[in-house]
Structures are given as C-alpha cells and as structure tokens.
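Take a look at the structure set out below.
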Amino acid sequence: MPVINGLPSSRSGRDPLEIATQAAKESGAILRDHHYREKQIESKGKRNLVTEVDLLSEKNILGILQKEFPEHSILCEESGKNEKSSEYQWIVDPLDGTTNYAFGIGHFCVSIALARNDEALLGVIYDPLKDELFRAQKGKGAFLNDSPISVAHRRDLQTKVIGFDLGYSDTESKKMLSRATELWYPEITFRLMGSAALGITYVACGRMDMYFHRCIYPWDIAAAVLLIREAGGEITDWEGNPATVRNNQVIACSDFSEHQDLIAALK
C-alpha cells in the first residue's frame, strides 16, 4: 500500500487526516441537529446508554472510511470489529459522552483515530456544539481548529483542575471515588467529564492539569492519546508505562515530574 507523509493513501488520493476531519464534522452535524430533539434511548448495560443518533453517526463515518480505505480494519463502539488483513485500523467513537447527550447535557464529541499496530498515527476529536475540532498527526503537532495547542506548564493559578470519569464497573467506580477523596485538598478542583475523549483532550489544550480513568476503551482514547503527546503532555497506564490505544486505565497530564505527588496518591 502506498504511504505518503507517513500515512496510507486513500482510494481518492485525499489525505487521511482530511478524510477523518470530514467524517467527524459530518457526524458532528448529525449529533448537533438531533441534540434538542426527543431521542430513542436504550440500555446496553448498567449506566451504559445508546441512542439512535449514535448509530446514525457511526453509519456516516463507516460509509466514508470504507469507501476510502476498503482494505483497512475498523473498530467501532457500536458495531464492534470489522477485521481485515491490513496493519492499519480505524478506531471510532461516533458519540463519546452518550449519557450527557441523552440527557441534553452539551458535552460530547466524535472521536476518530487511525492506528498501525496499536500506535496512533492521526486523531480527530470534534465537539459539534462548540464547533471545536481537535486534530493531530504523529510528529506534526496538535491543533484546535487552525491554532496549535499545548498542555499547561506550571501556571500561577491557585488551583489544579483534575478531570476523571467513573465508567460502568461498580468496583472500579468506587476505587475512582476513593482516589479522588485521597487527593482532596484546597488546591484541587475536580470535574466529572462524562466524555473521556474530551477529558484527555482538555489536558492537551491546557484547560485541565490532569485526567484519569480506570475503566476505558480504545474508542474512548485512541485519538486523545496522540493529541496529548503531540501537545507536549504525557499519558501512561497506572504503572507508569506509556499508554497505547489498548490500555483500559490511563493517567494523562502535562508533566509527570510536576504532578508526581498527585500521581503517587492515585496509585
């Protein structure tokens, strides 16, 4: 397969990052158009919801990717795996933050990443209500719309903002709340995000200092893992090893040496 600028070529010859951006924006428009309408909501399990709009968004993304990259594997939250022999895999969350979306809370996004052997090559995260498109390509930096982004470093504010989410496991959720309690002191402000992709991305663009999660999936973090690294931050598993798109427990922050006391408390 031809490779151009480190990325595989598409059937039409267009840049893969451009194609991922198109897919994210089109699906984001679907989410935005249905956000204030009545929704069909179903349960996939305890606290794990899905709407018909998740499926509409995923159908749009799959249509674009399969047309341009028919030989690539695809992993989607709703439809699962479509395995091919290619070393390339698209990892897609058509609606990250479904519970927020289902209840009319305006904090959700589309997440699309291209990985090769579990290493993210490009990532796009689109927040349609804010019209914020976060994008990154390996080795080429991270951007919000057309402006470069970077993590926050040693700012003089009197507080650190830490985001986290609970997931669907009762056991892991209780552990997360316990960790948050152990970190609780006057200089810490917590946020439960409801979207892991946006949580990590907010660290990447300097809006938060840290984000952690103990029960996460590839489609939640594949694009965000690349974004935070390209923005100068770090993301690891809970043992301190560099995170891949397959890790189900992650800690993301601007600088581990700066936040080592907080990370030690988390562990």
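As the structure is a prediction and not an experimental result, all values here were calculated from the model.
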Self-check item: Joint cluster assignment, Leu226 & Trp219, ILVMFWY side-chain distance < 4.5 Å
Solution: no
Practice problem: Starting at NZ of Lys59, measure out to SG of Cys76 and round the result to the nearest 0.5 Å. | Solution: 14.0 Å
Quiz item: After noting the C-alpha distance and the side-chain angles of His35 and Leu129, does the key distance pass the side chain to side chain contact (heavy atoms under 4.5 Å, CB included) rule?
Solution: CA-CA 9 Å; His35 180 51; Leu129 291 190; 3.8 Å; yes
Quiz item: Just by modelled atom types, is the Met193 backbone N or O under 3.5 Å from a matching donor or acceptor in the Asp165 side chain?
Solution: yes
Quiz item: Would you say Leu198 and Asp96 make side-chain contact, with heavy atoms under 4.5 Å?
Solution: no
Quiz item: Backbone N or O of Val250 within a donor-acceptor pair of the Asn247 side chain at under 3.5 Å?
Solution: no
Practice problem: For the residue pair Ser254 and Glu234, establish whether any side-chain heavy-atom pair is separated by less than 4.5 Å. | Solution: no
Exercise. Run the numbers on Phe108 and Thr98 for side chain to side chain contact (heavy atoms under 4.5 Å, CB included), then give the verdict.
Key: CA-CA 7 Å; Phe108 53 85; Thr98 296; over 6 Å; no
Practice problem: Could you pull out the closest heavy-atom pair between Arg229 and Pro242, with the gap in Å? | Solution: NH2-C, 3.5 Å
Self-check item: Nearest heavy-atom neighbours spanning Ala223 and Ala113
Solution: N-CB, 3.5 Å
Quiz item: Does a donor on one side chain and an acceptor on the other come within less than 3.5 Å for Glu26 and Gln22?
Solution: yes
Practice problem: Answer whether the closest heavy-atom distance between the side chains of Phe69 and Ser10 falls below 4.5 Å. | Solution: yes
Quiz item: Is it the case that more than 12 heavy atoms not belonging to Lys130 sit under 6.0 Å from its NZ atom?
Solution: yes
Quiz item: Between Tyr101 and Asp54, is any side-chain donor less than 3.5 angstrom from a side-chain acceptor?
Solution: no
Self-check item: Short side-chain donor-acceptor distance under 3.5 Å, Thr236 and Asn241
Solution: no
Quiz item: Which heavy atom of Ala23 sits nearest a heavy atom of Asn60, and at what distance?
Solution: O-ND2, 3.7 Å
Practice problem: Would you give the length of the straight line joining atom CH2 of Trp90 to atom CG of Leu62, rounded to the nearest 0.5 angstrom? | Solution: 12.0 Å
Practice problem: Look at the rings of Tyr202 and His107 and say which category their plane angle falls in: under 30° parallel, 30 to 60° tilted, over 60° perpendicular. | Solution: perpendicular
Exercise. To the nearest 0.5 angstrom, please state how far the OH atom of Tyr217 sits from the CD1 atom of Ile91.
Key: 15.0 Å
Quiz item: Donor-acceptor pair, Arg32 side chain versus Pro128 backbone, under 3.5 Å?
Solution: yes
Self-check item: Pairing of Glu132 and Arg207 as salt bridge, 4.0 angstrom limit
Solution: yes
Quiz prompt | Ile200 and Val225, any side-chain heavy atoms less than 4.5 Å apart | solution = no
Self-check item: Pairwise side-chain contact, Ile228 with Thr201, heavy-atom cut-off 4.5 Å (strictly under)
Solution: no
Quiz prompt | Glu230/Lys138 salt bridge by N-O under 4.0 Å criterion | solution = no
Practice problem: May I ask you to decide if Leu17's main-chain N or O and Thr21's side chain share a donor-acceptor pair within less than 3.5 Å? | Solution: yes
Quiz item: Any side-chain donor paired with an acceptor under 3.5 Å for Thr159 and Thr189?
Solution: yes
Quiz item: If we ignore angles and hydrogens, is there a donor and acceptor under 3.5 Å between the side chains of Asp118 and Thr244?
Solution: no
Quiz item: Does the side chain of Pro8 come within less than 4.5 Å of Leu114's, by heavy atoms?
Solution: yes
Quiz item: Measuring from Ile251:CD1 to Ile235:CD1, what's the distance to the nearest 0.5 Å?
Solution: 9.5 Å
Exercise. Could you check Tyr126 against Asp131 for side chain to side chain donor-acceptor pair (under 3.5 Å), going step by step and ending with a plain yes or no?
Key: CA-CA 7 Å; Tyr126 183 53; Asp131 194 25; 2.7 Å; yes
Quiz item: If you count the non-hydrogen atoms of other residues, nucleotides and ligands that lie under 6.0 Å from CG in Asp146, is the total more than 12?
Solution: no
Quiz item: Is the side chain of Asn145 donor-acceptor paired with the backbone N or O of Leu133 at a distance under 3.5 Å, no angle test?
Solution: yes
Quiz item: When rounded to the nearest 0.5 angstrom, what distance separates CG in Asp93 from SG in Cys109?
Solution: 7.0 Å
Self-check item: Beyond-backbone contact of Val124 with Ser111, side-chain heavy atoms, under 4.5 angstrom
Solution: no
Quiz prompt | Same apolar cluster: Phe143 and Ile149, side chain cutoff 4.5 Å | solution = no
Quiz prompt | Pair Ser12-Glu68, side-chain donor/acceptor within less than 3.5 Å | solution = yes
Quiz item: Quick check: does any side chain N or O of Ser86 sit under 3.5 Å from a backbone N or O of His72, one acting as donor and the other as acceptor?
Solution: no
Self-check item: Which atom of Leu31 lies closest to which atom of Pro94, heavy atoms considered
Solution: CD1-O, 3.7 Å
Quiz item: Taking atom CG of Leu122 and atom CG of Asp15, what is their separation to the nearest 0.5 Å?
Solution: 8.0 Å
Quiz item: Can Val203 and Met208 be said to form a side chain to side chain contact (heavy atoms under 4.5 Å, CB included), step by step?
Solution: CA-CA 5 Å; Val203 178; Met208 296 197 307; 4.1 Å; yes
Practice problem: Could you give me the CA-CA distance, side-chain angles and deciding distance for Arg214 and Lys175, then say whether side chain to side chain contact (heavy atoms under 4.5 Å, CB included) is met? | Solution: CA-CA 8 Å; Arg214 287 184 61 91; Lys175 288 180 181 178; 3.6 Å; yes
Quiz prompt | Polar side-chain atom of Ser73 near backbone of Gln89 as donor-acceptor pair, under 3.5 Å | solution = no
Quiz prompt | Parallel, tilted or perpendicular, as decided by the 30° and 60° cut-offs, for the rings of His213 and Tyr211 | solution = tilted
Quiz item: Going only through I, L, V, M, F, W and Y residues with side-chain contacts under 4.5 Å, is there a path from Leu7 to Ile61?
Solution: yes
Quiz item: Taking C-beta and beyond as the side chain, do Ile74 and Leu65 meet within less than 4.5 Å on heavy atoms?
Solution: yes
